[in-house]
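To find a chain, count down the sequence lines: A is the first, B the second, and so on, and within it residues start at 1. Since we're looking at a predicted model, the values are computed, not measured.
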Amino acid sequence: MLAVLLSAATILLILASHRRPNVRESWSVLAAVAKFAVILSMLPGVLDGTEYRWSMGEFVAGIEFALRADALGLVFALLASVLWIGTSFYAAGYMRGLGADSQTRFFAAFAASLSAAVGVAFAENLLMIFLFYELLSVATYPLVAHDETDEARAAGRKYLAYTFLGGGVLVLAGTALVFALSGTVSFAATGPSTAAGLGGADTTLARAAFTMLAAGFGVKAALMPLHSWLPDAMVAPTPVSGLLHAVAVVKSGVFGIARLVLDVYEPALVAELGVGIALAVAAGVTLTAASIIALRADRLKRRLAFSTVSQLSYIVLGLGLVGPAAAAGAGLENVIKGGLLHIPAHGFMKLTLFFCAGIIHVETHTDYISEMDGIGKRMPLTMTAFAVAAAGMAGIPLVAGFVSKWFLLVGAVSAGQAVFAVALLVSGVLNIAYFWPIVYGAFFESHDRADAKPLVGGPFGGEFFGTTAATDGGRPDDGSQPDGEADDDGGTRTDDSSHDGATQADGGHEGGDRDGAGHDHHGGPGPGGWERVGWTGAEGSWLMLGPILAVVVGAVVLGLVPSQIGFLELVETVAAEAVSGVTD
Amino acid sequence: MSETVEAALALLVVVPFLGATLPLVLGLVRDSVGWAVAAAVLVVEAGLAARVVYTLAGGDRVVQVLGGETFGRNDETLSSGESTEGFAVGIELVGDPFSGVLVLLVAGVSLGVLAFARQSGPHSNAFYSGYLLLTGALMGVALTGDLFNLFVFLEISGLTTYALVASGRSPAAAVAALKYLVVGTTGASMYLVGIGYIFVETGSLNMVDVSRILAGETAFLDEGLYTDPLVVAAFGFVAVGLVTKAAIFPLHTWQPDAYAEAPDTVTVYISALASTAAAYALARVTWFVFTPAFFDAGAANRRVLEFLLVLAAASVVAGSALAAVQPRIKRMFAYSSVAQFGLIVIGIGVAVHPAAGEQATTFAVYGVGIHLVGHAVIKSGLFATAGALAAATGARRVSEYAGLARRRPVLAGGMAVLGFALVGVPPTVGFIGKWYVALGAVEAGHWPLVTVIFVSTVLSLLYIAQIIERLYFAGVDVSPDPAGTGTGSPGETGEAVAADGGAGATAVATGEGSLSVGMIALAVVAAVLAVVLGFTGSELSAWLDPVAAAVADAAPEVTA
Amino acid sequence: MIGALADSYTYVLFAILMVVGLYMVAASANLVKKVVGLNMFQTGIFLFFVTTAYVDNGSSPVIPAEAAAGDRYASPLPQVIVLTAIVVGVALTAVSLALIVRIYDEYGTLNEATLREVRTDE
């Protein structure tokens with residue numbers, strides 16, 4: 001399995017060429033393309049039903065060190081590798097735009113993360129998935145803590161604590177339990193349909209193992225009580241946020257749950273144990289609650305983070321509904337298709353959104369939604385992409401999100417779980433509620449004539465704050481600058497007080513405190529409003545704009561012709577297998 | 001062929017002891033001859049170890065009875081007309097796959113640490129004498145097949161360790177060594193009391209014979225002696241004695257002082273081997289002298305074992321928690337050893353617990369064997385890295401590690417890898433050991449222990465993450481918070497950089513600023529080894545297969 | 001009861017010596033006294049071993065060439081063990097006294113509590 005090793009080798013190359021940024025970044029891009037090619041080359045085979053397998057012999061007693069590419073794994077691997085290409089370009093542009101420190105470490109860790117993510121995708125058994133899952137945690141930790149500020153360190157600490165609690169404790173314990181119950185952890189052999197599988201195991205212990213594994217993966221998938229690392233981790237550079245939210249990390253959690261439900265336990269057993277419905281309830285609660293919280297966030301990345309929490313729950317919901325659907329004998333195929341298809345769909349859309357947030361930050365140093373009125377004039381292409389992706393998030397037809405949500409809805413209803421269908425619809429409405437103000441404000445308002453936004457700004461049931469939202473940002477001496485090189489220090493790590501102020505201001509915004517105290521960061525429009533920039537791409541570096549446009553096109557393609565680009569076929573293969581497993 | 005191997009077995013113990021006299025004798029002629037002599041002796045030693053282990057790899061059991069032809073295991077009738085029933089006369093040295101693990105470890109580590117000592121260590125000839133004595137004693141612990149002989153070797157290793165700990169020039173080292181001496185001797189004496197009880201009850205000290213007599217397999221016994229209160233008490237004394245030496249909570253108090261105050265070279269060496277040898281001795285006595293059948297024989301036997309398991313679990317939790325609040329690196333790692341040996345003792349106990357089936361026993365034995373090796377590699381690597389960093393930059397506190405990754409990328413990288421290995425991130429050897437111990441506990445259904453083992457991952461993350469965060473993500477320009485004063489603070493706020501006091505004294509003793517290739521090499525080799533061994537889990541467990549089978553069968557000998 | 005005690009008084013003595021020694025190690029603040037306690041503790045154990053070697057009417061285990069089958073000898077093995085253990089004990093005492101001398105040179109005290117105070121001042 002060249003795919004995993006490829007980017008592992010890249011790490012060395014990146015470290016070796018740390019003195020020459022151009023070489024370093026071309027390695028990164030080259031590896032991304034090569035990796036994508038390798039994975040793509042497996043696509044036809046897997047669609048035909050072949051499984052590629054590679055084993056390095058026994059790792060620990062009874063468990064092989066093996067990789068295997070099947071349809072489900074390929075969905076994730078394909079997604080991660082294709083998005084990595086875009087992210088590589090974007091990261092190069094972003095990091096240069098900000099002139100950040102320690103770029104070598106950044107790119108090396110980035111490659112390592114992708115390596116681990118693809119490893120998760122192709123892991124042959126639970127222990128292997130755990131192995132790569134842990135490596136992923138280790139590799140992404142430097143990325144989260146990259147800024148080396150107190151805030152970043154705290155976020156990194158939180159991230160490590162959460163993921164190791166989830167991975168090191170829960171997943172490993174669950175794995176050990178499954179191994180003790182069934183004598184194997186290979187995905188091919190643990191299901192109830194095989195002789196050695198979990199079918200005959202004690203139901204209490206089987207439930208305990210399922211709960212531990214689901215909770216363990218749920219940490220990375222940001223299920224509700226375990227989600228709080230994700231919004232904090234958005235202090236990381238934006239390509240990292242993209243990686244976390246769209247490409248690899250949270251998806252590895254979701255993917256783990258998919259493996260758990262579809263391969264380790266198999267739908268029939270999930271239905272029998274009644275654990276699916278519990279998972280679905282957790283997901284349903286998460287997706288509604290997270291949407292509501294997203295309404296209140298003023299910092300763009302934070303709002304996106306909560307949107308991720310909510311969107312991921314769509315996928316988990318789909319997987320949770322596998323249980324009831326298998327029990328009801330209907331809708332199984334649809335919920336699986338919906339859930340899994342949402343993995344790539346959300347990947348494309350969320351990556352677009354984060355890229356947009358990143359480019360806005362690099363070019364204008366604006367982080368807060370309340371300062372973005374009229375920004376459509378300054379960055380037309382970016383905001384168009386943003387609008388398209390946001391539409392997809394809300395499930396508007398013709399964009400990627402619609403297809404998967406449609407399957408989910410249909411599946412939920414036919415499985416007799418209309419409650420969840422309602423939750424889905426409510427969440428869709430909430431999605432519009434938290435994205436529309438941004439889009440509307442960006443295109444149809446200017447910064448000095450902004451309406452009060454219908455967002456819940458203050459504490460629930462607390463004071464009401466006025467309409468000064470848009471006018472307090474920015475200092476007259478540094479407004480927007482049309483060229484890519486911002487000469488102020490807003491993004492680089494320095495110790496002067498203005499930067500500290502910028503960090504502090506986050507808290508102020510969250511609490512609804514808008515009087516501008518400690519609010520001297522460099523965001524927001526200049527005194528004359530947003531400069532008007534044409535639609536020719538002068539709004540930012542093409543290194544960043546290119547990926548945005550490419551990814552958003554991907555999102556639209558996924559919505560328009562889902563059956564043409566592989567993902568749907570793969571997902572259908574998985575679903576068909578699962579259905580046949582139940583009906584057998 | 002077998003005679004060469006048997007001779008090699010004896011030479012493994014004899015060569016370092018004889019070699020230990022050389023630095024002192026030759027020192028009369030020339031100064032600073034110690035390192036060269038030690039290197040020569042240890043290379044010979046490594047060759048012997050390789051030879052022995054090569055034979056053991058075939059699953060053979062090699063026995064050498066000291067005293068030659070006149071003694072030995074024979075059942076001829078004596079002049080008195082009584083039969084000796086095949087009991088061993090004289091002291092046996094036994095090489096089997098289990099002792100092979102330790103032999104290889106001792107030979108490898110002692111050679112590796114020598115590379116470290118070239119630059120950093122105390123340079124006196126007496127130091128190298130002690131060093132060789134310790135190596136010989138540890139070999140003896142690994143190979144002896146006699147309970148009293150085990151005591152002697154443990155005491156020799158103890159004595160030399162006390163001397164080596166005190167060989168640092170700081171007065172604090174002397175205090176630490178004395179504390180170690182008092183606690184260690186008390187522990188060893190406890191062990192001696194236990195041996196006395198066994199001797200009274202069985203009339204033998206040979207491990208195999210004692211085991212067979214306890215099981216009641218000899219002609220003069222109608223039934224086993226397992227439920228005899230004296231035997232149960234003997235196990236209690238033996239376990240307490242060895243557990244003290246292995247630094248299990250609450251008998252660990254000597255260890256942090258000793259590790260922290262000893263010269264860096266000594267810390268690296270004893271952290272890898274001193275407690276390891278004691279834990280190995282505990283495993284050998286528990287598994288092969290008392291055997292699982294002993295613990296199944298009565299309620300009291302079982303309770304003693306369970307008490308041991310509770311101590312071990314407490315050790316895991318307390319060790320990790322104490323490690324997390326230590327401002328000084330070496331103390332932190334010392335407490336982490338307390339936790340790791342808790343894991344090992346859990347494995348030792350689970351393997352012989354009545355609730356353990358054959359699977360559970362097998363896994364627990366794998367876990368103990370692999371974690372003994374893994375911990376030795378990881379911990380000595382960590383101490384070596386810490387020592388090298390201290391030598392290069394003078395940093396001996398967590399707070400002083402801020403931003404060192406930029407100045408010493410190789411060492412910092414090594415420390416990060418080893419740190420994650422200690423936490424148990426796959427695919428490192430730390431993970432495999434932990435996985436097997438955990439699996440053993442799961443199979444045997446000890447849910448509280450399972451919880452402790454898995455939670456220990458997070459606990460060890462508590463302190464490792466502090467270090468890594470400091471190394472990489474605390475820029476040097478982020479000035480430490482001047483308000484941070486408490487020595488017990490978790491280093492999060494950062495303490496005022498004040499390296500005087502005990503830390504400074506040690507730093508002077510080791511010669512600050514002298515970083516040698518050997519030091520870096522040891523750190524790097526340990527890190528690489530920690531990962532490489534992680535991929536050899538199946539080979540390691542295959543090596544331990546005969547051991548596991550013997551434990552599961554309650555057999556006193558490991559045979560292929 | 002009295003008879004049993006008279007027969008096995010050495011075992012009782014062993015227990016008393018051991019516990020007194022252990023108590024001294026734990027409770028005495030003076031470092032030298034700690035070492036004395038340690039010695040006492042060990043001596044108790046030696047006594048125990050020697051006691052186990054005792055055989056009624058046995059002579060010392062030096063067997064002449066013309067020994068008869070019914071001759072009784074004290075068990076030699078425990079005595080060998082004790083001999084070895086005594087050597088180990090002497091070495092330990094030597095090392096500990098050397099350490100104590102050094103500690104006294106450095107800190108000027110042998111009292112554990114004082115020592116702790118002095119060291120925290122460092």
Side-chain angles (χ1 to χ4, degrees), chain B residues 78-82 89 91 130 146-149 151-156 158-163 165-166 169-186 188-197 199-201 203-205 237 257 261 487 500-505, chain C residues 11 14-15 18 21-22 25-26 28 31 34-35 37-39 41-53 63 67-71 75 77-78 80-82 84-85 87-89 91-107 112 115-116 118-122:
Chain B
L78 297 176
S79 56
S80 61
E82 290 172 29
V89 181
I91 296 168
D146 185 281
L147 286 172
F148 180 72
N149 203 224
F151 165 78
V152 175
F153 281 128
L154 274 178
E155 278 300 69
I156 297 176
L159 269 170
T160 44
T161 315
Y162 312 145
V165 167
R169 241 173 283 163
S170 80
V175 179
L178 188 66
K179 187 171 178 185
Y180 185 8
L181 185 145
V182 170
V183 179
T185 306
T186 311
S189 303
M190 292 283 189
Y191 173 80
L192 190 59
V193 174
I195 295 305
Y197 286 180
F199 177 67
V200 169
E201 199 60 33
S204 176
L205 288 171
F237 274 113
D257 284 339
E261 304 300 347
T487 44
D500 52 6
Chain C
Y11 289 108
F14 143 68
M18 212 175 91
L22 207 53
V25 172
S28 172
L31 293 179
K34 263 185 197 297
V35 175
L38 208 56
N39 272 322
F41 179 47
Q42 288 191 310
T43 310
I45 299 170
F46 301 159
L47 188 65
F48 166 71
F49 271 91
V50 173
T51 306
T52 64
I63 305 178
D71 288 353
S75 171
L77 189 55
V80 175
I81 289 175
V82 169
T84 319
V87 174
V88 171
L92 277 169
T93 313
V95 172
S96 54
L97 289 177
L99 290 174
I100 289 175
V101 168
R102 207 171 117 196
I103 292 171
Y104 189 76
D105 279 351
E106 294 284 350
Y107 296 107
E112 214 181 14
L115 195 62
R116 203 171 294 133
V118 174
R119 292 187 61 202
T120 45
D121 289 347
E122 270 178 0

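- Contact tally against chain B (heavy-atom pairs below 4.5 Å) for C:Val88, C:Asp105, C:Leu115, C:Ile81: the top residue is C:Ile81.
- Distance check: C:Thr84 OG1 to B:Glu155 CD gives 12.0 Å after rounding to the nearest 0.5 Å.
- Interface remark: B:Ile156 contributes no atoms to any contact with chain C (heavy atom separation under 4.5 Å).
- Heavy atoms of B:Tyr180 lying under 4.5 Å from chain C are absent altogether.
- Residue C:Ile45 touches chain B through its side chain alone, counting heavy-atom pairs closer than 4.5 Å.
- The shortest non-hydrogen separation linking C:Leu38 to B:Val182 is CD1-O, 4.0 Å.
- Two residues are said to be in side-chain contact when any heavy atoms from C-beta on lie closer than 4.5 Å; C:Gln42 and B:Thr185 meet this criterion.
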### Task
Just do the side-chain contact (heavy atoms from CB on, under 4.5 Å) check on C:Lys34 and B:Leu181 with the steps written out, would you?
CA-CA 11 Å; C:Lys34 263 185 197 297; B:Leu181 185 145; over 6 Å; no

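- By the 4.5 Å heavy-atom criterion applied to side chains, C:Glu112 and B:Leu178 are not counted as neighbours.
- Comparing C:Gly21, C:Pro78, C:Gly89 by how many heavy-atom pairs each has under 4.5 Å with chain B, the most go to C:Pro78.
- Under the 30°/60° scheme for interplanar angles, the aromatic rings of B:Phe199 and C:Phe49 are found to lie parallel.
- Listed options C:Val95, C:Thr52, C:Leu92 were ranked by heavy-atom pairs under 4.5 angstrom with chain B; first place goes to C:Leu92.
- C:Glu106 and B:Pro171 get closest at one heavy-atom pair: CG-CB, 3.4 Å.
- Contact check for C:Leu77 versus B:Phe148: no side-chain heavy atoms found under the 4.5 Å cut-off.
- Using a 4.5 Å heavy-atom threshold, the side chains of C:Phe41 and B:Thr186 count as touching.
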